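Contents: one structure, followed by commentary.
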Amino acid sequence: MSITVVGSIAYDSVTTPFGARERMLGGTAVHFSLAASFFADVHVVGPVGDDWGETEMATLARPGVSTDDVERVSGGKTFFWRGHYDYDLNTAHTDDTQLGVFAEFEPKLSDASRACDVLFLANIQPELQLRVREQCERARFVALDSMNLWIDTARDALVRVIETVDCVLLNDAELRMLTDQPNLVRAAREVISWGPGAVVAKQGEYGATLITRAGFFSLPAYPLETVLDPTGAGDTFAGGFIGTLAAGDGPLDEQVMRSAMAHGTTLASFNVEEFGTERVSRLRHPEIEARVHELREMTSFSGVPLPARH
Ligand code: AMP
């Protein structure tokens, strides 16, 4: 199964209470692709500018990631994001967003990208997500991520794309903001009423919850003692989650969806241990499986007989 992703390909300048980096490799499509490539082939769609370096390209173009649809726009500048976090690492504060080459980008997908089985519309302008969605009609599973900026500035377009996808991944505050529903379960149900069969509510250090038409499943985050930079955690979660769904060709039943949640949670936990893509770019598959196993041990329980006292 192959995955196509459109999203930002970026330089990020990030400050957390534990350090800072200037113009490191980032972007929603980049974090997603590195994580998803552990499970399936990924085609990345998006533009970069003249300032895009060979080192960044080499990190992105790891085995399993096709960069054939990464377009270099001469005279343009690569997407740039500057943000910081205070001790509450669940909240990113955006200090600067420069769309650069994304402002004028007209996606023209290659045949290989159009023929994907699974499509991930990572966080980027909803109009752009829609134009890529229209070119991948045959995808059997389509998922989408977004953020507060687009809910604020392009809500109508965002709702239009949501109506065309199978799964929406948003953090819990964004879900409330999108639907105007204070309760998370009601917010997810409202999104489901627009078309998608599943909603994943990302809850930062508290984990993630999957709400479908038929069911509910929740996992805590993997408990870490050291978290340096949460940037990209959501996209890395999505890479593990969608990658797992794309890895098999059977039905996407409850068991597969739960395993996908565990892999998303695990990939995200590696991502936050270091800055940007530093940790995930040298991650090995056995480390992932070991942590998924630990997560399973931590979260499974069986009933013990108790007296009925009343
Ligand atoms: P997250 O997984 O939510 O932490 O996403 C982090 C990534 O989102 C960073 O690498 C940024 O480059 C990227 N990003 C930030 N703002 C935007 C935006 N408005 N559109 C697309 N990507 C963005």
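On a predicted model such as this, the values are computed, not experimentally measured, just so you know.
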>> Determine whether a donor-acceptor pair (N or O, by modelled atom type, separation under 3.5 Å) exists between the side chain of Q135 and the backbone of P107.
In response: yes
> Closest heavy-atom contact between V142 and V165?
Replying inline: O-CB, 3.6 Å
>> Please determine whether salt bridge (charged side-chain N to carboxylate O under 4.0 Å, His left out) holds for the pair R282 and E287, giving the CA-CA distance in whole Å, both sets of side-chain angles, and the decisive distance to 0.1 Å.
In response: CA-CA 11 Å; R282 53 166 217 283; E287 296 176 286; over 6 Å; no
> Is a salt bridge present between R23 and E56, judged by a nitrogen-to-oxygen distance below 4.0 Å?
Replying inline: no
> If you measure only the distance, is there a donor-acceptor pair under 3.5 Å linking the side chains of D51 and T78?
Replying inline: yes
>> One pair to check against side-chain hydrogen bond (donor to acceptor under 3.5 Å, both in side chains): D41 and S2. What are the steps and the verdict?
In response: CA-CA 5 Å; D41 289 338; S2 77; over 6 Å; no
> Between atom CG of L210 and atom CG of L219, what is the distance when rounded to the nearest 0.5 Å?
Replying inline: 9.5 Å
> Between R176 (side chain) and P182 (backbone), is there a donor-acceptor pair under 3.5 Å?
Replying inline: yes
> Which value, rounded to the nearest 0.5 Å, describes the distance between F241 atom CZ and F39 atom CZ?
Replying inline: 12.5 Å
> Got a salt bridge between K202 and D145, using NZ or NE/NH1/NH2 to carboxylate O under 4.0 Å?
Replying inline: yes
> Distance-only, no hydrogens or angles: does the T179 side chain make a donor-acceptor pair with backbone N or O of E190 under 3.5 Å?
Replying inline: no
>> What I want to check is whether the side chains of S269 and R291 have a donor and an acceptor closer together than 3.5 Å.
In response: yes
> I162 pairs by side-chain contact (heavy atoms from CB on, under 4.5 Å) with which of L121, V191, V199?
Replying inline: V191
>> Set out, in order, the CA-CA distance, both residues' side-chain angles and the distance that settles side-chain hydrogen bond (donor to acceptor under 3.5 Å, both in side chains) for S113 and D69, then state yes or no.
In response: CA-CA 8 Å; S113 291; D69 280 353; 2.6 Å; yes
> Should the ring pair F105 and F102 be called parallel, tilted or perpendicular, given that the plane angle runs from 0 to 90° and is split at 30 and 60?
Replying inline: perpendicular
> Do you know the tightest heavy-atom contact between T28 and A122?
Replying inline: OG1-CB, 3.6 Å
> So, Q203 versus T209: side-chain donor-acceptor pair below 3.5 Å or not?
Replying inline: yes
> Within a reach of under 6.0 Å around CG of D249, are more than 12 heavy atoms found that belong to other residues, nucleotides or ligands?
Replying inline: no
> Got a sec: does the CZ of R186 have more than 12 other heavy atoms crowding it under 6.0 Å?
Replying inline: no
> Roughly how far apart are L25 CG and L34 CG, rounded to 0.5 Å?
Replying inline: 7.0 Å
>> If you apply the rule side chain to side chain contact (heavy atoms under 4.5 Å, CB included), what do you find for F275 with T231, and how did you get there?
In response: CA-CA 8 Å; F275 273 79; T231 308; over 6 Å; no
> Does F270 have R279 sitting over its ring (NZ/CZ under 6.0 Å from centre, angle to axis within 45°)?
Replying inline: no
> Applying the side-chain contact (heavy atoms from CB on, under 4.5 Å) test to F237, which of T266, T265, N271, L267 qualifies?
Replying inline: T265
> Distance from I242 atom CD1 to C167 atom SG, nearest 0.5 Å?
Replying inline: 5.5 Å
> Can you find a heavy atom in the side chain of Y11 that is under 4.5 Å from one in the side chain of M24?
Replying inline: no
> Does one side chain, of W150 or N123, offer a donor that lies under 3.5 Å from an acceptor on the other?
Replying inline: yes
> To the nearest 0.5 Å, what is the distance between OG1 (T212) and CG (D166)?
Replying inline: 13.0 Å
> Only one of T15, T94, T91, D95 clears side-chain hydrogen bond (donor to acceptor under 3.5 Å, both in side chains) with H84; which?
Replying inline: D95
>> Checking M257 against T244 for the side chain to side chain contact (heavy atoms under 4.5 Å, CB included) test, could you report, in this order, the C-alpha distance in whole Å, the side-chain angles of both residues, the deciding distance, and whether it holds?
In response: CA-CA 8 Å; M257 296 294 277; T244 304; over 6 Å; no
>> More than 12 heavy atoms of other residues, nucleotides or ligands under 6.0 Å from CZ of R213: yes or no?
In response: yes
> For the residue pair A208 and M261, what are the closest heavy atoms and their distance?
Replying inline: O-CE, 3.4 Å
> Judged by atom type as modelled, is there a donor-acceptor pair below 3.5 Å linking the side chain of D86 to the main-chain atoms of D88?
Replying inline: no
> Are any side-chain N or O atoms of D12 and backbone N or O atoms of V14, one a donor and one an acceptor, separated by less than 3.5 Å?
Replying inline: no
